[in-house]
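We use all heavy atoms of the structure for the numbers below, so side chains are in, but hydrogens, waters and symmetry mates are not. Chain naming here is simple, since letters A, B, ... match the order of the sequence lines and numbering starts at 1 in each. Only a predicted model underlies this, so the values are computations on that prediction, with no experimental measurement involved.
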2 protein chains.
Amino acid sequence: MKDTKTFAVLATDVAVLTIDNGVLKVLLTQATSKNFKGMLTLPGGLVGHKERTEEAAIRVLKEIMIKTDYYNEQLYTFDDPGRDPEGRVVTVAYLMLVPEDEAKRVTRKDASWHAVKTLPKLAYDHNEVVKAAVKRLMGKLTYTNIVYSLMPLEFTLSDLQKTYETALELTLDKRNFIKKIKSLNLVHKTTHKVEGSAHRPATLYRFRERKYKRVDLF
Amino acid sequence: MKDTKTFAVLATDVAVLTIDNGVLKVLLTQATSKNFKGMLTLPGGLVGHKERTEEAAIRVLKEIMIKTDYYNEQLYTFDDPGRDPEGRVVTVAYLMLVPEDEAKRVTRKDASWHAVKTLPKLAYDHNEVVKAAVKRLMGKLTYTNIVYSLMPLEFTLSDLQKTYETALELTLDKRNFIKKIKSLNLVHKTTHKVEGSAHRPATLYRFRERKYKRVDLF
DNA sequence: TCAAAAGTGTTCAGTGTACACCCATGG
DNA sequence: CCATGGGTGTACACTGAACACTTTTGA
């Protein structure tokens with residue numbers, strides 16, 4: 001066996017996550033393969049001969065979303081020989097994070113957001129992929145600053161807190177949270193405030209830099 | 001392009017790391033491909049048609065090492081279309097950790113350990129793979145208990161400390177280190193001591209469990 | 001008795017946690 | 001004036017960090 005060149009079909013799938021109104025969601029489309037007709041699936045497709053898997057992932061997403069320059073990282077490679085009944089398909093999965101306000105900008109009709117907590121059985125091993133994506137997200141939220149990739153340009157500190165609470169499934173004390181965020185120097189005030197709410201207007205903040213780095217949260 | 005099935009050659013490479021006498025090392029073999037003749041390379045090979053990449057990785061390692069049931073995790077998939085001059089080869093890289101006392105048990109003559117700090121130019125993109133492996137190791141040492149996979153069954157607390165110091169490139173205070181390790185309840189004393197040293201004999205310890213879990217170190 | 005590494009506690013600073021009330025606005 | 005979420009400070013416990021000397025052994 002060791003001298004046999006093996007030709008595998010190379011694919012990519014992307015778990016695009018966002019937080020929508022206090023719910024962690026993943027972007028799903030309708031499966032087209034005859035084996036999974038009628039089921040939901042992660043956006044994905046085959047990789048071109050000269051193409052990197054990440055490029056292929058972006059190419060596929062461009063058919064679904066207007067913008068694709070969001071946080072994206074390689075997640076895991078799924079290689080079970082039986083994962084696709086049609087043959088040996090190895091998929092390099094990616095994790096993409098989209099801010100809540102951008103998540104509306106999904107252009108294809110068969111694509112929509114689904115709460116990760118209540119997913120039906122997905123095509124292929126995509127339930128497993130989503131699980132890995134959520135786990136990765138939860139890990140990275142606690143020891144890096146990637147939360148910026150889930151937030152709009154300007155946001156309130158309550159928004160930020162809710163994002164952590166939703167994604168990490170915990171509740172935080174408002175005063176301690178703010179103290180922490182301020183001590184890490186991740187954000188700065190803007191001169192803007194949220195208008196039109198039936199209560200004291202919240203100050204809008206921005207991240208000092210939207211660039212991945214390690215920081216020590218919870 | 002999106003409707004073209006792409007056949008890629010699927011390979012696997014393993015960065016096997018160990019700590020040898022205060023030096024972090026990686027297991028390398030002689031490259032055989034004509035493009036990289038004479039260079040060193042990570043152990044690796046092509047993946048069989050019905051084979052998982054991890055199985056293939058273990059199969060390849062069995063030709064080099066007596067035992068292979070060490071800590072092993074998928075590291076990253078390297079897919080640059082130009083990474084192998086002979087054609088499109090996508091490699092799923094693994095990270096394996098071997099305890100110092102087991103590292104002697106390398107059976108093939110062309111395989112040997114090399115300090116990761118002073119590697120020559122390796123075949124393919126294997127310098128990059130090693131770099132990713134070391135980075136992963138350093139991360140996991142700080143927030144999990146995988147250090148067990150680098151230690152022999154019994155070890156002194158100084159050994160353990162030196163392992164962290166070597167792999168993480170830092171120095172630790174002995175008293176604080178022991179306090180930390182004890183508070184995490186990771187190890188327990190044995191009745192054995194190290195004999196024959198020209199100083200007070202050190203107590204040997206064991207891990208309570210050699211099972212991956214998150215813990216909060218440094 | 002000397003050299004070498006093992007083994008052991010305390011103090012202090014800083015961080016994490018618990019906790020409650022007033023503020024600004026729209027309706 | 002009421003309802004709603006925004007915004008703020010303090011006290012205490014705990015953790016992390018700095019730091020030095022005695023013990024046990026072999027040579």
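Closest approach to the A:His199 side chain among C:dA24, C:dA6, C:dT8 is made by C:dA24 (side chain taken as heavy atoms from C-beta onward).
Summarising the geometry, the separation between CG on B:Leu157 and C1' on C:dA6 is reported as 10 Å, rounded to the nearest angstrom. Look at NZ on A:Lys193: it is 15 Å from P on C:dC23, rounded to the nearest Å. Atom CZ in A:Phe177 sits roughly 18 Å away from atom C1' in C:dC19 (whole-Å rounding).
Residue B:Thr156 is out of contact with every strand shown, counting any heavy-atom pair closer than 4.0 Å. Across all strands shown, A:Lys182 has heavy atoms under 4.0 Å from sugar-phosphate atoms exclusively, and none from any base. Residue contacts for A:Lys180: at a heavy-atom cut-off of 4.0 Å it reaches the sugar-phosphate backbone alone, with no base atom in range.
Side-chain contact check for A:Met138 versus A:Glu169: some heavy-atom pair is nearer than 4.5 Å.
Note: B:Phe218 and B:Phe177 have parallel aromatic rings, judged against thresholds of 30 and 60 degrees for the angle between ring planes.
Across the interface with DNA chain D, nearest-nucleotide mapping of B:Asn176 and A:Thr203 shows A:Thr203 to be the residue nearer the 5′ end. Residues B:Arg200 and A:Ile178 both approach DNA chain D. Their nearest nucleotides, taken by heavy-atom distance, put A:Ile178 toward the 5′ side. Nearer the 5' end of DNA chain C, as judged by each residue's closest nucleotide, is the contact made by A:Lys179, out of A:Lys179 and A:Glu195.
In this structure a side-chain-to-backbone donor-acceptor pair under 3.5 Å is present from B:Thr18 to B:Val98. Under a 3.5 Å cut-off, the side chain of A:Arg208 and the backbone N or O of A:Asn185 do form a donor-acceptor pair.
Scanning all heavy atoms of the two residues, the minimum distance from B:Arg52 to A:Pro81 falls at CG-CD, 3.7 Å. Of all the heavy atoms in A:Leu95 and A:Leu75, the pair that sits closest is N-CB, 4.1 Å. A:Val60 and A:Pro43 make their closest contact through CG1-C, 4.2 Å (heavy atoms, listed as atom of the first residue, atom of the second, distance).
Side-chain polar atoms of B:Ser149 and B:Tyr212 form no donor-acceptor pair below 3.5 angstrom. Remark: the A:Lys189 side chain and the A:Thr203 side chain contain no N/O donor-acceptor pair separated by less than 3.5 Å.
Where DNA chain D meets chain B (any atom under 4.0 Å from a heavy atom), the bounding nucleotides read 5' to 3' are D:dG16 to D:dG26.
Heavy-atom distances under 4.0 Å link DNA chain C to no residue of residues 183-192 of chain A.
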